[in-house]
*Asks:* 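Got a structure for you, questions after.
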Amino acid sequence: MARIVILTGAGLSAESGLGTFRDKDGLWTKYDLQDVATPEGFARNPELVTGFYNARRANLLDAAPNAAHEALARLEAGLPGEVLIVTQNIDNLHERAGSKAVWHMHGELMRALCHACGARWDAPREMRTSDACPACGKAATRPDVVWFGEYPYHMEEIWDALRAAELFVAIGTSGQVYPAAAFVQDASRAGAETLELNLERSEVSHDFDEARQGPATELVPAWVEEMLAR
Ligand code: NAD
């Protein structure tokens, strides 16, 4: 089991040019969550939803990991087997920075899911709702992302990891989306030390033993250097 469990959110990828959801200018100010991030929205207008994620995928392919993603990959390389990243992000910037132990609790933009048979495969750059599933052949393609009202991935393993962690760190997440918002309490109850790294104080800052404020590209490399020097 990993000694250090790190929860990451949209704030980690903000300085790579990928919009966060809830900040001023965030994606929810331009799109209605009910339209593009719920199963009901997809049932009403699959083309709109598929187009929304095609645009997110195009942004991602133009973006690169930033100094914070790179620092987290250095931490894992320096402490083999001790670091687990649980991410709410659907981008692949952790992997592109070199992190290996990454669990995507809200799915992955670069993957497709068949809503008829549950098969998963690499997403094409431009997904279409008429794309046939490679397993069952039905035109039932959707992005492999977890929408509001759906159950996040890896939850049982995540709770096990939180219970076993010595240190829990949350980076760039607003603490407004459950169940991730409660991870700090889960880890803390089980005896972990807790640290928040975020641009500003969040809804849940008071639940952490320590909360540091600033941009991820500054806070994360500084914290990783501290950890590797211990
Ligand atoms: P959020 O938008 O609710 O909150 C982002 C947090 O990051 C805020 O607290 C903000 O203060 C902080 N922040 C902004 N810029 C920062 C920076 N440069 N450095 C450090 N912190 C910064 O994001 P969330 O908590 O991850 O919300 C959850 C949902 O948003 C998830 O479901 C996730 O799937 C989705 N999301 C993912 C992406 C992505 O994959 N890159 C992008 C947008 C939203």
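Both ligands and their constituent atoms are indexed starting at 1 by order of listing.
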*Asks:* Report the part of Thr173 (side chain from C-beta onward, or backbone N, CA, C, O) that has a heavy atom under 4.0 Å from ligand 1; answer both or neither where that applies.
*Replies:* both
*Asks:* Give a yes or no answer on whether the side chain of Gln185 reaches the backbone of Asp207 with a donor-acceptor pair at less than 3.5 Å.
*Replies:* no
*Asks:* Using a 4.0 Å heavy-atom cut-off, say whether Ser202 meets ligand 1 through its side chain, its backbone, both or neither.
*Replies:* neither
*Asks:* Determine, using heavy atoms of Ser16 and all atoms of ligand 1, whether some pair is separated by less than 4.0 Å.
*Replies:* no
*Asks:* Output the list of atoms in ligand 1 that are nearer than 4.0 Å to some heavy atom of Ile90, sorted by atom number.
*Replies:* 39 (C), 40 (O)
*Asks:* For ligand 1, is any non-hydrogen atom under 4.0 Å from Ala216's backbone (N, CA, C, O), its side chain (CB onward), both, or neither?
*Replies:* both
*Asks:* Please identify which atoms of ligand 1 are closer than 4.0 Å to at least one heavy atom of Gly19.
*Replies:* 42 (C), 43 (C)
*Asks:* Counting distance only, does the side-chain N/O of Gln176 pair as donor-acceptor with the main-chain N or O of Glu203 below 3.5 Å?
*Replies:* no
*Asks:* Is Gly214 in contact with ligand 1, taking contact as a heavy-atom separation below 4.0 Å?
*Replies:* yes
*Asks:* Using a 4.0 Å cutoff against the non-hydrogen atoms of Ala14, which atoms of ligand 1 qualify?
*Replies:* 15 (N)
*Asks:* Are Val86 and Leu195 linked, directly or through other ILVMFWY residues, by side chains that come within less than 4.5 angstrom of each other?
*Replies:* no
*Asks:* For residues 128-138, which side-chain N or O atoms pair as donor and acceptor with protein atoms under 3.5 Å away, sequence neighbours left out?
*Replies:*
from: Thr129; atom 1: OG1; to: Glu47; atom 2: OE2; distance (Å): 3.1
from: Asp131; atom 1: OD2; to: Arg128; atom 2: N; distance (Å): 2.9

*Asks:* Atoms of ligand 1 less than 4.0 Å from Gly172 heavy atoms?
*Replies:* 5 (C), 6 (C), 7 (O), 21 (N)
*Asks:* Measuring from non-hydrogen atoms of Gln176 to any atom of ligand 1, is the shortest distance under 4.0 Å?
*Replies:* no
*Asks:* Is the Lys NZ or Arg CZ of Arg120 less than 6.0 Å from the centre of Tyr153's six-membered ring, within 45° of the axis?
*Replies:* yes
*Asks:* Using non-hydrogen atoms of the residue, decide whether Pro215 is closer than 4.0 angstrom to ligand 1.
*Replies:* yes
*Asks:* When rounded to the nearest 0.5 angstrom, what distance separates NE2 in His69 from CZ in Arg96?
*Replies:* 9.5 Å
*Asks:* Hey, is ligand 1 close enough to Ala10 that some N/O pair sits below 3.5 Å?
*Replies:* yes
*Asks:* Looking only at distance, does Leu199 have an N or O less than 3.5 Å from an N or O of ligand 1?
*Replies:* yes
*Asks:* At under 4.0 Å between heavy atoms, is it the side chain or the backbone of Glu15 that contacts ligand 1, or both, or neither?
*Replies:* side chain
*Asks:* Which of the atoms of ligand 1 are close to Gly9, meaning less than 4.0 Å from one of its heavy atoms?
*Replies:* 26 (O)
*Asks:* Considering the heavy atoms of Glu200, write down every atom of ligand 1 situated less than 4.0 Å from one of them.
*Replies:* 11 (O)
*Asks:* Would you kindly confirm whether Leu18 and Val145 end up in one hydrophobic cluster when ILVMFWY residues are joined by side chain heavy atoms under 4.5 Å apart?
*Replies:* yes
*Asks:* Cluster question for you: counting only ILVMFWY and a side-chain heavy-atom cut-off of under 4.5 Å, with indirect links fine, are Leu84 and Ile171 together?
*Replies:* no
*Asks:* Do the ring planes of Trp147 and Tyr53 sit parallel (below 30°), tilted (30 to 60°) or perpendicular (above 60°)?
*Replies:* tilted
*Asks:* Same cluster or not: are Phe183 and Leu197 linked, directly or through other Ile, Leu, Val, Met, Phe, Trp or Tyr residues, by side-chain heavy atoms under 4.5 angstrom apart?
*Replies:* no
*Asks:* If hydrophobic clusters are built from ILVMFWY residues whose side chains come within less than 4.5 Å, do Val184 and Leu7 share one?
*Replies:* yes
*Asks:* Ignoring hydrogens, just give me the one of Ala180, Ala170, Gly11 whose non-hydrogen atom is nearest atom 13 (N) of ligand 1.
*Replies:* Gly11
